[in-house]
Amino acid sequence: MGIEITWCDQLLFNGPLFSYHVSLLVIPLILHPSFDLPLKVFFADVVLPLALPKTFIYRIPQNMVEFVEVGIRVVVPFGKNKLYTGIIEQIHDRAPVGYTAKYLDDVLEESALINEKQMKLWDWISSYYLCTKGEVMLAAMPSSMRLGSETKYIPNPAFEGDITGLSDKEQMLLQVLHDREVMTAPEVSEILDIKNIQRTMKRLLEASAILIMEDFKEGFKPKVEKFVRLTEACIDEEGLQAAFRSVQRAPKQEELLMAFVQLSERYSAEAKDVQKTVLQKRADASSAQVTALQKKGIFEIYEKEVGRLIYGEGGGAGPIQLSSIQEGALTEIRNSLEEKSVTLLHGVTSSGKTEIYISLIKEQLELGKQVLYMLPEIALTTQMINRLKAHFGDLVAVYHSRFSQNERVELWNTIGDKNSTKAKVVLGARSALFLPFSELGLVIVDEEHETSFKQFDPAPRYNARDASIVLSGIHGAKTLLGSATPSFESYYNAKGGKYGYVQVTERFGGVALPKIEPVSLSGKESNTGYFTKELLDAIRDTLKNNEQIILFQNRRGYAPVLLCNTCGWSPECTRCDVTLTYHKAQDRFVCHYCGNRYTAPPSCAACGSHGMRLAGFGTERIEEELPIYFPDATVARLDLDSTRSKNAYSRILTDFQNGSIDILIGTQMITKGLDFDRVTLVGILNADLLLRFPDFRAGERAYQLMTQVAGRAGRKEKQGKVIIQSQDPNQWLIQQVKHGNYEGVLNQEIKERKEFAYPPFTRLIKLTLQHREAEMVDYCAAELKNELLKILPEHSILGPEYPVVARVKNRYNKNLLLKLHRNQNPADFKGKMKNLTGPFFAKKEFKSVRLIINVDPY
Ligand code: ADP
Ligand code: ZN
Ligand code: ZN
């Protein structure tokens, strides 16, 4: 920032704005008449990672004035003895009114960490989703980039770096941390009597000498790989020749040595490290053969920490030969994006959308642009990354919530670095949106209909698809939405001409869409009642053909309820109003709302009877029962419970991919864009469950889920089969799924949405009130509604109403649903609402009530 001198750091303006202006004009002249430039005092608005609604203003010490700029991180004091890392949002000369600004404590970097475009996105999210910028900051930045007083540090147990490279201060700090094991920055600061400790912490973090406790809890371990080098004796040319002679009679060893020479690029200017596994692969040798060379004193094996980012190793995949249908779609998309900034690609499952995306990405890379490829869940990335890396190698990087803090920071820095040749294409879920892109050319939102693009808790409760479109707009880039079952909003926008629309109705290679067969559960033949005869027969045939099966049951656990045979009582969570689900593997009854676990009740709590039975079925029970029918088949389960550990997900998928699993049972997780060559049968075990969603999107959702899971069947050369089990196979929606009539479902539903004023004809804002006492939420909700009637007509406010599960974790919830008509300016309304809810919840009686605002809640 080009700010001219200033000379006085001591002036404090604690009066009203008025005296500040007076001081500005008068004081320099009086005190320092010899100075010809007037004193300038600068303040910074700082976003802090807190949910507090207002902006905090800090005074910039004169010695920092020339270093600060918008978007950099600063350390600021907050409350009593607390320090936070915040981001400068604005620099100005307006002193705060009503309090004396504290000074910035420290500046953490030389240039903006959050660029202007990122700031714009933060602004949009906080104003559209009615949350604070602090909340956006919490979602946007890896936690190790916003260290605060509470952040706990530990020494990195795997750090073997060179301590001599550290400054005295850093070494001292490291020593203290080693002695005390866990410390916060203020504690370190006190012991060492050093101010501005955060900067030192930051450097030690960057050097991997220390870790943040949170990472440690996440089980973060720096990734160490084995490398191979020549021993001292063999390193020079003479030694190497001798080594070659000594392996003359062991062809494999000779080959290994040769491969090493090549891989290490020994004769080039810069010799390279050689990873042991890479070497083995190149020479097609075993680990034992490398060890043999080690024993001969030729190789030395050492360990080294390697970058943790999943960059592609591939590259080198040949150019894609698009089919003429794909070529046609590609041309249409290009033309459409010339005119419209957003285009919807509506292509049936397996129509080859990914290959079309790849062609578009190539074009952007040639233009030197970045590409953001959004996927609804990291789950999907496992397969997608392999496909993309085959084409783009290191240019592709993945970003997702299961990464450790260090991994996130590493990727953040790579993308922020304009000179980097890596990570030009980012594949990520929701939060990838917040990375420091500087020149996005294209944003692809794959499976754009997926509800997991929406973040429900905590704030910001944003929809990443919608925010992506905004982000793309900020960059002047283009957005391509893709789906086999587009969301109603996107479809409606496309049909109305707001978005471009490109359709592909055929699968790649002319593969037939699966044959869908709805069957009735009521005449079930199996004694347990989960499987119809049709499904069992189909599974048998499929196994016989050595093909694979996916079974979809949208309920995890073993059985949803334990019922008393005498009175019908079933155990409920003590903290939530829901019955518990039995999980057999842990032999516990689990609350799916709060996670509480309970042991089995010894008898019925209502009537004392001992006759209790488990009713209904979840994925776990299916997994247990299948072997009764198919003892030779290998069965696996893919749901939240089976994929808790970091790599479980990809392990299960890999096993399924390589054929070591025959039948895969799963919840919605398996519906998402997975592509398996040998799956020819999909069974939907209970479609009725899907049709019972409690909101206005029930039809849309059920259609999407069934169609998506059906789409997993019959890739490549064989038509797949899908069996949908339900109480009534003739239900209208199931029949539409059978005939692939999405248009019909849309037309039907859109009429109802129009009639009852639901999206896309209105915008919804859900207000949820939470309190420990039911009377309080009742009272507060009624009062709030009265207030809201001042700014909205009665028919635009639904409720107050208890949700299906009214009490969660001992808090009662009550909802008000506001409907804004399309012609109503949302920004305008939101402003009014803020002005109303602010004072309302500041009232003493309502201070303890929690308000949750959810814009576009469904
Ligand atoms: P979608 O994303 O529309 O469901 P995919 O992109 O996964 O479809 O394509 C389905 C299958 O067809 C994949 O196995 C993919 O590798 C293959 N495929 C698609 N386009 C081509 C192409 N042009 N050349 C070769 N294989 C293709
Ligand atoms: Zn009972
Ligand atoms: Zn509970």
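Remember, it's 1-based here, ligands and their atoms both numbered in the order they're listed. Hydrogens, waters and symmetry mates are skipped; everything else that's a heavy atom, side chains included, is used. Nothing fancy with the numbering, it's 1 onward along the sequence.
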For F456, does its backbone N or O pair with a side-chain atom of R461 as donor and acceptor, under 3.5 Å?
->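 Flag set: sc R461 to bb F456 pair under 3.5 Å.
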
Can an N or O of F508 be found at a distance shorter than 3.5 Å from an N or O of ligand 1?
->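 There is no such contact.
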
Under 3.5 Å between some N or O of ligand 1 and some N or O of T349?
-> no

Go through ligand 1 atom by atom and flag the ones less than 4.0 Å from a non-hydrogen atom of [X].
{"X": "Q321", "result": "22 (C), 23 (N), 24 (N)"}
{"X": "S351", "result": "1 (P), 3 (O), 8 (O)"}
{"X": "T354", "result": "2 (O), 5 (P), 6 (O), 7 (O)"}
{"X": "K353", "result": "1 (P), 2 (O), 3 (O), 4 (O), 6 (O), 8 (O)"}

Test R465 against E448 for salt bridge (Lys or Arg N to Asp or Glu O under 4.0 Å), laying out the working first.
-> CA-CA 7 Å; R465 174 198 60 214; E448 67 87 32; 3.2 Å; yes

Let me confirm one number: the [atom1]-[atom2] distance from [X] to [Y], rounded to the nearest 0.5 Å.
{"X": "K424", "Y": "K369", "atom1": "NZ", "atom2": "NZ", "answer": "12.0 Å"}
{"X": "F488", "Y": "N493", "atom1": "CZ", "atom2": "CG", "answer": "13.0 Å"}
{"X": "Q326", "Y": "T354", "atom1": "CD", "atom2": "OG1", "answer": "9.5 Å"}
{"X": "D639", "Y": "E620", "atom1": "CG", "atom2": "CD", "answer": "8.0 Å"}

Leaving out waters, which are not shown anyway, how many protein N, O or S atoms lie closer than 2.8 Å to the Zn ion (ligand 3)?
-> 4

Can a salt bridge be assigned to the pair E489 and K498 using a cut-off of 4.0 Å between side-chain N and carboxylate O?
-> no

Intermediate values then yes/no, ring-ring contact (aromatic ring centres under 6.0 Å, His included), H583 and H592 = CA-CA 11 Å; H583 285 241; H592 284 186; 5.2 Å; yes

When you check the side-chain N and O atoms of [X] and [Y], is any donor under 3.5 Å from an acceptor?
{"X": "E801", "Y": "N815", "answer": "no"}
{"X": "H771", "Y": "S848", "answer": "yes"}
{"X": "N810", "Y": "R772", "answer": "no"}

Any heavy atom of G347 sitting closer than 4.0 Å to ligand 1?
-> no

Consider ligand 1: state whether an atom of it lies below 4.0 angstrom from any non-hydrogen atom of R387.
->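 Judged by the 4.0 Å heavy-atom criterion, R387 does count as contacting ligand 1.
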
Under 2.8 Å from the Zn ion (ligand 2), which protein N/O/S atoms are there?
->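 Hits for the Zn ion (ligand 2) below 2.8 Å: C564 SG, C567 SG, C604 SG, C607 SG.
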
Are K495 and Y501 in a cation-pi contact, defined as NZ or CZ under 6.0 Å from the six-membered ring centre and within 45° of the axis?
->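 That pair qualifies as a cation-pi contact.
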
Side-chain heavy-atom pair Y802, V777 within 4.5 angstrom cut-off =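 Yes, side chains in contact.
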
